[in-house]
Amino acid sequence: MPDAIIRLEDVNKWYGQFHVLRHIDLTVSPGERIVICGPSGSGKSTLIRCINRLEEHQQGRIVVEGIELTNDLKQIEAIRRDVGMVFQHFNLFPHLTVLENLTLGPVWVLKKSKAQATATAMKYLERVRIPDQAQKFPGQLSGGQQQRVAIARSLCMDPKIMLFDEPTSALDPEMVKEVLDVMVGLAQESGMTMLCVTHEMGFARKVADRVIFMDQGEIIEQNTPDRFFDAPENERTRLFLSQILH
Ligand SMILES: Nc1ncnc2c1ncn2[C@@H]1O[C@H](COP(=O)(O)OP(=O)(O)OP(=O)(O)O)[C@@H](O)[C@H]1O
């Protein structure tokens, strides 16, 4: 068994009085692909946002690549470099071209030359199948294309771990597949560790090593996709699956 790349030990978080993460234990192996699902408000986004320190937990330990997360600013910067994140609403800079969105981080944070950053950006735009959109502004692209730019932008930072927070839920139905196809390719070809909050169960069956079900801030059940979907053990998981699959 390889060493864990992410480990959460009895992690708890509150928003005011509201106990949003309850006693979360989770170990992720390098290269593992995990899908997290669960009802709205169950704490899925909060959980993955704690892993790259967009949110702070109050109790327990989160260890990423062997380093326990603290409030050290240098450490937070390093974690954000190694842990890429793709959001529901793309979060691209609207006043920069696609290419500029992709080269900004590598030039300013990774201190790459403009030429190097441009070459890497073009490589990833090829990978997400929109090399011809490099000089456009985000507002000139479809939602699906913008999300593919956001994925390419994360990849340009050469992350070890990628977090996806409902990457297709803001897209029109006809654009969901083009983004999922890119994510499937990434999962199958890159060997990168991926945690993905999504209700796209076809995606989960295709690429996930493990599916995790959360409810009311707790991990209720986790299993391989086949077992998770075909023989869910917990009544709450069964109810949730019956609601989203029908
Ligand atoms: N910054 C915040 N302050 C207070 N409450 C918050 C904050 N962020 C989230 N919450 C609450 O915490 C709960 C969990 O939110 P979270 O976004 O993690 O859930 P989720 O499972 O990802 O839900 P969804 O599927 O709807 O995105 C929700 O009830 C939400 O309203």
Side-chain angles (χ1 to χ4, degrees), residues 3-9 11-15 20-21 24 26-34 36 43-121 123-125 127-128 138 146-147 149-167 186 190-197:
D3 283 347
I5 190 165
I6 301 168
R7 202 169 65 245
L8 280 74
E9 294 170 6
V11 168
N12 288 276
K13 178 174 175 62
W14 289 261
Y15 289 122
V20 62
L21 295 180
I24 301 286
L26 176 65
T27 303
V28 182
S29 301
E32 201 176 3
R33 279 84 42 112
I34 293 182
I36 303 171
K44 308 177 297 294
S45 297
T46 304
L47 172 63
I48 63 166
R49 289 166 69 88
C50 282
I51 293 172
N52 72 346
R53 220 41 172 152
L54 283 177
E55 293 286 350
E56 199 179 324
H57 62 291
Q58 284 116 6
Q59 273 181 12
R61 274 162 44 92
I62 301 182
V63 181
V64 179
E65 297 188 287
I67 297 169
E68 180 170 355
L69 301 192
T70 64
N71 285 330
D72 181 85
L73 284 180
K74 279 214 151 40
Q75 188 210 59
I76 293 173
E77 270 176 34
I79 288 294
R80 300 251 174 93
R81 268 202 303 275
D82 276 358
V83 185
M85 183 143 184
V86 174
F87 301 87
Q88 188 176 0
H89 295 290
F90 330 134
N91 293 10
L92 298 170
F93 294 110
H95 57 291
L96 298 181
T97 64
V98 165
L99 188 60
E100 287 165 346
N101 264 281
L102 266 58
T103 54
L104 192 70
V107 168
W108 288 98
V109 181
L110 303 182
K111 309 292 179 207
K112 286 193 176 178
S113 71
K114 190 98 188 284
Q116 266 180 321
T118 301
T120 308
K123 179 179 91 179
Y124 286 121
L125 283 178
R127 186 163 189 167
V128 302
Q146 290 188 58
Q147 192 57 299
V149 173
I151 294 172
R153 180 176 62 174
S154 275
L155 293 174
C156 284
M157 296 298 285
D158 200 16
K160 310 241 179 9
I161 299 165
M162 283 278 280
L163 308 175
F164 293 86
D165 193 0
E166 304 203 35
L186 195 62
S190 73
M192 192 183 292
T193 308
M194 291 169 67
L195 274 77
C196 186
V197 175

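A donor-acceptor contact shorter than 3.5 Å is absent between the side chain of Thr193 and the backbone of Ile161. Side-chain atoms of Ser29 do not come within 3.5 Å of backbone N or O of Glu32 as any donor-acceptor pair. Judged by distance alone, with hydrogens and angles left aside, the side-chain atoms of Asp165 form no donor-acceptor pair with the main-chain N or O of Phe87 at under 3.5 Å. With Arg80 contributing its side chain and Gln75 its backbone, the two residues share no donor-acceptor pair below 3.5 Å. Of the possible donor and acceptor atoms, one in the side chain of Gln147 sits under 3.5 Å from a partner among the backbone N and O of Pro167.
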I would like to know whether Thr46 and Lys13 meet side chain to side chain contact (heavy atoms under 4.5 Å, CB included); could you show each step before the answer? CA-CA 9 Å; Thr46 304; Lys13 178 174 175 62; 3.6 Å; yes
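Considering all non-hydrogen atoms of both residues, Gly105 and Met157 come closest at C-SD, 3.6 Å. Listed here is the closest heavy atom pair of Asn91 and Arg153: O-NH2, 2.8 Å. Closest heavy-atom contact between Gln58 and Trp14: OE1-N, 2.6 Å. Here the shortest heavy-atom pairing between Ala4 and Thr27 reads CB-CG2, 3.5 Å.
A donor and an acceptor atom, one from each side chain of Tyr124 and Ser154, are nowhere located under 3.5 Å apart.
With a 4.5 Å cut-off on side-chain heavy atoms, Lys44 and Cys196 do not count as touching.
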